[in-house]
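What follows is a single structure, written as C-alpha cells, with notes after it.
A quick note: this is a predicted structure, and the numbers were derived from the prediction, not measured.
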2 protein chains.
Amino acid sequence: MEKLNETFAALSHETRRAILARLKQGEARLSDLTIPFDISQTAVSKHVRVLSDADLVIVEQRGRVRYCRLNAEPMKAVTEWLKDYQNFWPEQIDAATLFFGADGD
Amino acid sequence: MEKLNETFAALSHETRRAILARLKQGEARLSDLTIPFDISQTAVSKHVRVLSDADLVIVEQRGRVRYCRLNAEPMKAVTEWLKDYQNFWPEQIDAATLFFGADGD
DNA sequence: CGCATTGTCAACCAACTGGTTAAGTGATAG
DNA sequence: CTATCACTTAACCAGTTGGTTGACAATGCG
C-alpha cells in the first residue's frame, strides 16, 4: 500500500532513474555507477540504498564488491495503479499503441 | 525531462493519490476534498497545488469556488517510461493481461 | 603482513516537505 | 454594506532529502 509511496519516491530522481537505466544493460558494480554521475561515491551509495529499500535494485556482495542488478517487479504495482487512469487520458489514444508499439516506437 | 521528476514526486504521496482517485469520479471543489482527509484545508490546498504544478489536476475558479478536475495526461509519460522496464519484470506475465484485463476488469 | 580497493558510517549542511495556525483576499448572499 | 464562505498566503516547525567530507571496515593482491 504505502509501498507505492516508496516506489514513486524512488523514481522521482533523475540520478536514480539513470541508475536503473544503466542496470537494464546488466549487473554493475557500485563503483561503475559512480563514474558517469558527477557526484561522490557516497551519494551514489545513498541513491542505491534508496533504490534497494524500494526493492528496485538488488545488491549482492561478492568479495569486496557490491554488484547491483535491476528488479523491476515493484513497477508492476505502479503500472497497475496507472491503468486505472488510462480512461482519463485526454485524446484516448489506443493504449496498445503505446504499450506495444504500432509499428516501431 | 525533469517533468518526470515532478510527476513521480507528486504521485509519491498517499493523500495526493487519494485526491486523484476522488477526481476520477468527476469534478470536486477544494472544500469537498478536505472532508475525507483528516488534515486542514490548508494542507489539502498545498497538495492540490503540488498536483496542479505537476499538471495532474486542473483548477478552475468559478466565483469563489475552485473546482478541480483530473488531467491524466502526464501519466502517459510515466507509462511510456515504465514500458522500457516491462521486459525486466520477473515472471514476464503477459502485459496485455495486466493492462487490458484477462476477462473483464 | 601491509596496503590499496571498495564501500559504509557519521557528522554536517542547505533545501525541501508536509503539517500547523493565524491573518488576509475576494466573491456572493442577504 | 456587511458578513460569510472559500480559499490563499505567511510564518513557523519538525523531519526528510541530497549532497558533502573524513574516518572507518573489510577484502584481496603482492
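- For B:Glu6, there are no salt bridge (Lys or Arg N to Asp or Glu O under 4.0 Å) partners at least two apart in sequence or on another chain.
- Picking from C:dG18, D:dT20, D:dA6 the nucleotide with the shortest atom distance to the side chain of A:Ile39 gives D:dT20.
- Listed in residue order, the members of residues 58-68 of chain A having a heavy atom less than 4.0 Å from DNA chain C are A:Arg64, A:Val65, A:Arg66.
- One can place CG of A:Asp53 at 13 Å from C1' of D:dT17, the figure rounded to the nearest angstrom.
- One atom, CG of B:Asn5, and another, C1' of D:dG18, lie 13 Å apart when rounded to the nearest Å.
- Across the protein-nucleic acid pair, A:Phe8 atom CZ and D:dT17 atom P stand 17 Å apart, rounded to whole Å.
- Atom CD of B:Glu6 and atom C1' of C:dC16 are 14 Å apart (whole Å).
- Using a 4.0 Å heavy-atom criterion, one finds that B:Thr15 contacts no nucleic acid atom at all.
- B:Lys24 forms no cation-pi arrangement with A:Phe88, by the criterion of a distance under 6.0 Å to the ring centre and an angle within 45° of the ring axis.
- Rounded to an integer number of Å, the gap from CD1 of A:Ile19 to C1' of D:dG18 is 12 Å.
- Considering OG1 of B:Thr7 and CG of B:Asp53, their distance stands at 11.0 Å, rounded to 0.5 Å.
- Once rounded to the nearest 0.5 Å, the distance linking CH2 of A:Trp89 with CG of B:Leu70 reads 12.5 Å.
- With hydrogens and angles ignored, the 3.5 Å screen pairs no side-chain donor or acceptor of A:Arg16 with any backbone N or O of A:His47.
- For D:dT8, the OP1/OP2 oxygens have no side-chain nitrogen or oxygen of B:Arg49 closer than 4.0 Å.
- Side-chain proximity of A:His13 to the nucleotides C:dG18, C:dG7, D:dG19 is greatest for D:dG19.
- Which of C:dG18, D:dT9, C:dT8 sits closest to the side chain of A:Leu30 comes down to C:dT8.
- In this structure, B:Glu14 pairs ionically with B:Arg17, as a charged nitrogen and a carboxylate oxygen lie closer than 4.0 Å.
- Distance from the side chain of B:Lys46 is smallest for C:dG19 among the nucleotides D:dT8, C:dG19, D:dT20.
- When the side-chain nitrogen and oxygen atoms of A:His47 are compared with OP1 and OP2 of D:dT17, none of them lie within a distance under 4.0 Å.
- Taking only side-chain nitrogens and oxygens, A:Ser45 never comes nearer than 4.0 Å to OP1 or OP2 of C:dG7.
- Partners of B:Arg22 by side chain to side chain contact (heavy atoms under 4.5 Å, CB included), not counting sequence neighbours, listed by chain and number: B:Gln25, B:Ala28, B:Asp32, B:Leu33.
- Summary of the strand contacts: B:Thr42 and B:Arg29 both lie near DNA chain D, and taking for each the nucleotide with the nearest heavy atom, the more 5' one is attributed to B:Arg29.
- Looking at heavy-atom distances under 4.0 Å, A:Ser31 makes contact with sugar-phosphate atoms alone, never a base.
- At whole-Å resolution of the value, CD in A:Gln41 and P in C:dA4 are 17 Å apart.
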